[in-house]
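Written below as structure tokens is the structure these notes are about.
Residue indices begin at 1 and follow the sequence shown. Just so we're clear, the structure is a prediction, and the values are computed from it rather than from any experiment.
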Amino acid sequence: MRTMAVIIFFGIFFLITGLVSFYIFIRGWQSIPPGSSLRQAYAIVFWIIALSFICGRLMENFLPSALSHLFVWVGSFWIAAMIYFLIAVVSIDVLRLINHFLPFFPTAITQNYSQAKYIISACVTGLVGLTLLVGHINSLIPRVRKLDLSVAKQAGTMKTLSIVAASDIHLGTIVDRSRLDQIVDTINSLNPDLVLLPGDIVDEDLAPVVKQNLGESLKSIRAPLGIYAITGNHEYIGGVEEACAYLTDHSIVMLRDQSVKIADSFYLVGREDRSVGRFNGHLRKALPELMAAVDKKYPVILMDHQPFGLNEAVTESVDLQISGHTHYGQIWPLNYIVERIYELAWGYKKIAGTHFYVSNGVGTWGPPVRVGNRPEIINIRLNFQ
């Protein structure tokens, strides 16, 4: 069942990206004068870049090498470039349609239309390249977001709790050892009592994680009350049992529809990712079932990777829920889409007595690019009665 779900996921992804790439290719081809030798070079270079992601991922599974690594990187950047090229060519086509019925193009364009198309294409390519460069640099500089929250419950003798949460790391080819070491150093610099990893720790393929020995970097995280994690949809895409076993072997406590009482002071509840049904046919436990073993007179912290059904946590008297998954779109203007999908797509919100924080993540999926938002590590100081 997992194999079929993965095939469907990637089948849809590559179908959409293939169609979009073809549309962009045709518009680029039309901007080059007929008979120009650039057309052949353009076609070769374009399709090498456009197909590099799927080639790289296939090679990564069967013949990992420096070449597969290069293809994955090039293809990942193309995913982001494709979004901005699509916006550009659609905008240009809309303007051309309007101009057909209501002419408004200046004579500088209409007198030499072929040259104008060539210049516009070059400018668009330059702007997309600059956007990717700035977005990539931005993706490498996570910020620490600090919150100071109060919970109207007693936590034994504990008066405050410092939590550091890093969601959506997506360890693999793109988020490699150097990136993870930077993330771990930032976490440790905050001197947390507790570290939480709310899903999508590992990207689809575990092989690059093992090859780079990223688990050793995870083992260097320091938190006296422990490092706890939950599954995300990407652990399921890549093979959840293997991913969880690897993380467990490297000092991460996986909470899979489980609760644990920590330091006799508060409860931590971790939900299985809601995509579990698509990959193994099982349903995750309902939140009331999970909370049945929890003494709600103590503070309750919940990790749930995908921020759906926030009212469930409110009903069950959860004090703090931490989620991720959305990346806040990762690349503008996709943030507008996730805002339509989720009640809380990114940031902090309080509903009744429950605090919610949805992180946009510290890593990236697909393109190593962030535009319109910065990666983040969350440092929450909980104050108890």
Side-chain angles (χ1 to χ4, degrees), residues 6-34 36-63 67-97 114 116-136 139 170 172-174 203-205 234 237 327 329-338 364-372:
V6 171
I7 290 172
I8 292 171
F9 173 82
F10 281 107
I12 293 171
F13 174 77
F14 288 124
L15 175 63
I16 293 171
T17 56
L19 291 172
V20 172
S21 294
F22 184 72
Y23 174 46
I24 295 168
F25 170 76
I26 292 298
R27 288 294 179 261
W29 177 272
Q30 291 172 342
S31 72
I32 302 173
S36 171
S37 60
L38 285 176
R39 277 194 165 187
Q40 184 177 6
Y42 165 75
I44 293 171
V45 172
F46 183 96
W47 288 112
I48 287 175
I49 292 173
L51 295 173
S52 58
F53 186 77
I54 186 171
C55 291
R57 293 311 292 259
L58 289 172
M59 291 173 65
E60 204 171 49
N61 281 289
F62 300 106
L63 190 64
L67 184 59
S68 68
H69 191 86
L70 175 63
F71 275 148
V72 169
W73 269 90
V74 171
S76 296
F77 274 109
W78 170 249
I79 295 170
M82 183 178 61
I83 293 170
Y84 290 112
F85 277 125
L86 178 63
I87 292 172
V89 296
V90 168
S91 299
I92 291 169
D93 282 351
V94 169
L95 290 175
R96 289 173 60 211
L97 181 64
S114 295
K117 288 193 295 183
Y118 192 75
I119 293 172
I120 291 170
S121 296
C123 291
V124 167
T125 301
L127 285 172
V128 170
L130 180 61
T131 301
L132 296 188
L133 176 61
V134 173
H136 178 57
S139 76
H170 289 279
T173 300
I174 301 298
D203 213 11
E204 293 96 359
D205 189 2
H234 280 264
I237 293 170
H327 291 226
Q330 188 170 311
I331 298 174
W332 181 93
L334 301 184
N335 55 295
Y336 296 118
I337 297 175
V338 298
T364 54
W365 180 80
V369 172
R370 280 186 179 266
V371 179

How many angstroms lie between OG in S139 and CD1 in I331, if you round to the nearest 0.5 Å? 9.5 Å

Kindly compute the distance separating CZ (F71) from OG1 (T173), expressed to the nearest 0.5 Å. 13.5 Å

If I compare all heavy atoms of Y42 with all of G28, which pair ends up nearest, and what's the gap? OH-CA, 3.3 Å

With sequence neighbours left out, what residues match W73 under side-chain hydrogen bond (donor to acceptor under 3.5 Å, both in side chains)? H69

Output for pair (L86 CG, T17 OG1), nearest 0.5 Å, gives 12.0 Å

Quick one: does R39's side chain have a donor or acceptor within less than 3.5 Å of a partner on I32's backbone? yes

Working to the nearest 0.5 Å, report the span between CG of L19 and CZ of F14. 13.5 Å

Sorted by chain and residue number, the side-chain hydrogen bond (donor to acceptor under 3.5 Å, both in side chains) partners of S121 (sequence neighbours excluded) come out as S31

Separation between CG of L127 and CZ of F85, rounded to the nearest 0.5 Å: 9.5 Å

Nearest heavy-atom contact between G56 and V72 is C-CG2, 3.6 Å

Which is it for L334 and I83 under the side-chain contact (heavy atoms from CB on, under 4.5 Å) test, yes or no, and what are the steps along the way? CA-CA 9 Å; L334 301 184; I83 293 170; 3.9 Å; yes

Can you confirm whether T131 sits close enough to V371 that some side-chain heavy atom of one is under 4.5 Å from a side-chain heavy atom of the other? yes

Between A43 and W29, the two heavy atoms sitting closest are CB-CZ3, 4.1 Å

Please determine whether the number of non-hydrogen atoms from other residues, nucleotides or ligands lying under 6.0 Å from atom OH of Y118 exceeds 12. no

Judged by atom type as modelled, is there a donor-acceptor pair below 3.5 Å linking the side chain of Q330 to the main-chain atoms of P367? yes

Using 30° and 60° as the class boundaries, would you call the ring planes of H170 and H234 parallel, tilted or perpendicular? perpendicular

Nearest non-hydrogen partners of L132 and V369, listed with the distance: O-CG2, 4.1 Å

Nearest heavy-atom pair of G366 and S76: which atoms, and what distance? O-CB, 3.3 Å

From CE (M82) to CZ (F53), nearest 0.5 Å: 10.0 Å

Please report whether the ring centroid of H327 lies less than 6.0 Å from that of W365. no

Aromatic contact, W78 with F46 (centres under 6.0 Å): yes

Backbone N or O of G329 within a donor-acceptor pair of the Y336 side chain at under 3.5 Å? no

Contacts of type side-chain hydrogen bond (donor to acceptor under 3.5 Å, both in side chains), residue Y23, not counting sequence neighbours: D93

Run the side-chain contact (heavy atoms from CB on, under 4.5 Å) test on I54 and F13 for me, step by step, so that the C-alpha distance in whole Å, both residues' side-chain angles and the decisive distance to 0.1 Å come before the verdict. CA-CA 10 Å; I54 186 171; F13 174 77; over 6 Å; no

